[in-house]
Undergrad: 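Quick one: structure below, then a few questions.
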Amino acid sequence: CFGIVISIWSATFPFGSLAEPGPSYFPLGCGLILVLLGSIMFIGARASKVQGSQQESSGTFLPDKAARKRTILTVTGILLSVIALETLGFILTVFLMILFLVIVVQPQMWKMALFYAFICSVAFYTLFKILLKTQLPSGIMGF
């Protein structure tokens with residue numbers, strides 16, 4: 001249902017042309033992908049219910065304490081990165097956010113966490129700045 005709402009909402013933006021696409025293509029694509037994936041999950045759930053192989057539910061709606069903590073830490077890390085983006089710049093903010101997520105949310109060794117953070121920040125910089133030619137905040141360090 002959420003994908004249908006997004007797809008309908010995307011029609012309020014101009015579509016543009018194939019040579020110069022407008023801003024409605026991205027939300028339309030996301031909405032259609034949500035509809036597709038939601039439909040696959042719905043059909044799969046219905047099929048497993050019909051076959052009688054439905055798993056027993058834990059009886060609780062909310063996740064356990066560890067999952068709530070990881071969720072809160074993830075949202076906090078993302079919010080802090082949004083606040084720090086203009087000041088620290090794109091590369092440093094992404095590096096610190098990935099480092100935080102890899103160390104705190106899904107604990108890894110420091111070497112692996114630094115490696116993941118470095119690779120992700122370089123990959124995102126390459127994607128957005130070099131390939132898509134997007135303006136990114138440079139921050140206090142100038143990069």
Undergrad: Nearest 0.5 Å, please: how far is CD in E86 from OG in S138?
TA: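 Nearest 0.5 Å value for the OG-CD distance: 9.0 Å.
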
Undergrad: Roughly how far apart are I98 CD1 and T93 OG1, rounded to 0.5 Å?
TA: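 The OG1 atom of T93 is 11.5 Å from CD1 of I98, to the nearest 0.5 Å.
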
Undergrad: Output a table of donor-acceptor pairs, distance under 3.5 Å, between side-chain atoms of residues 75-85 and any protein atom two or more places apart or on a different chain; print 'none' if there are none.
TA:
| from | atom 1 | to | atom 2 | distance (Å) |
| --- | --- | --- | --- | --- |
| T76 | OG1 | I72 | O | 2.7 |
| S81 | OG | G77 | O | 3.4 |
| S81 | OG | I78 | O | 2.6 |

Undergrad: Side chains of W110 and L99, heavy atoms from C-beta outward: is any pair under 4.5 Å?
TA: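 A side-chain contact under 4.5 Å exists here.
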
Undergrad: Taking atom CZ of F13 as the centre, report whether more than 12 heavy atoms of other residues, nucleotides or ligands fall under 6.0 Å from it.
TA: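 Counting neighbours around CZ of F13, more than 12 heavy atoms of other residues, nucleotides or ligands fall under 6.0 Å, so yes.
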
Undergrad: Is it possible for you to say whether V122 and F90 belong to one hydrophobic cluster, with membership spreading through side-chain heavy-atom contacts below 4.5 Å?
TA: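 Yes; F90 is reachable from V122 via cluster members.
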
Undergrad: When rounded to the nearest 0.5 angstrom, what distance separates CE in M97 from OG1 in T74?
TA: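 Between atom CE of M97 and atom OG1 of T74 there are 10.0 Å.
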
Undergrad: Rounded to the nearest 0.5 Å, what separation is found between the CD1 atom of I6 and the CD1 atom of I33?
TA: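 Output value for this atom pair is 10.5 Å.
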
Undergrad: Side chains of S24 and P14: closer than 4.5 Å at any heavy-atom pair?
TA: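 A side-chain contact is absent here, since even the closest heavy-atom pair is not under 4.5 Å.
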
Undergrad: Mind checking what makes ring-ring contact (aromatic ring centres under 6.0 Å, His included) contact with F15, not counting sequence neighbours?
TA: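 For F15, the residues satisfying ring-ring contact (aromatic ring centres under 6.0 Å, His included) (neighbours in sequence not counted) are Y25.
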
Undergrad: Pair up each side-chain donor or acceptor in residues 112-121 with any protein partner under 3.5 Å, not counting sequence neighbours, and list the distances.
TA:
| from | atom 1 | to | atom 2 | distance (Å) |
| --- | --- | --- | --- | --- |
| S121 | OG | A117 | O | 3.0 |
| S121 | OG | F118 | O | 3.0 |

Undergrad: Going from CG on L96 to CD1 on I103, what distance comes out if it is rounded to the nearest 0.5 angstrom?
TA: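 So the gap between those two atoms works out to 11.5 Å.
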
Undergrad: Is the closest side-chain heavy-atom distance between F124 and I91 below 4.5 Å?
TA: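 They are not in side-chain contact.
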
Undergrad: Could you report the tightest heavy-atom contact between P27 and P23, atom names first, then the distance?
TA: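 That would be CD-O, 3.2 Å.
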
Undergrad: CZ of F2 to CH2 of W9: how many Å apart, nearest 0.5 Å?
TA: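 If we round to the nearest 0.5 Å, F2:CZ and W9:CH2 are 9.0 Å apart.
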
Undergrad: Under the 3.5 angstrom rule, does the side chain of T134 hit a backbone N or O of F128 as a donor-acceptor pair?
TA: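 Pair found, side chain donor or acceptor close to backbone of F128.
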
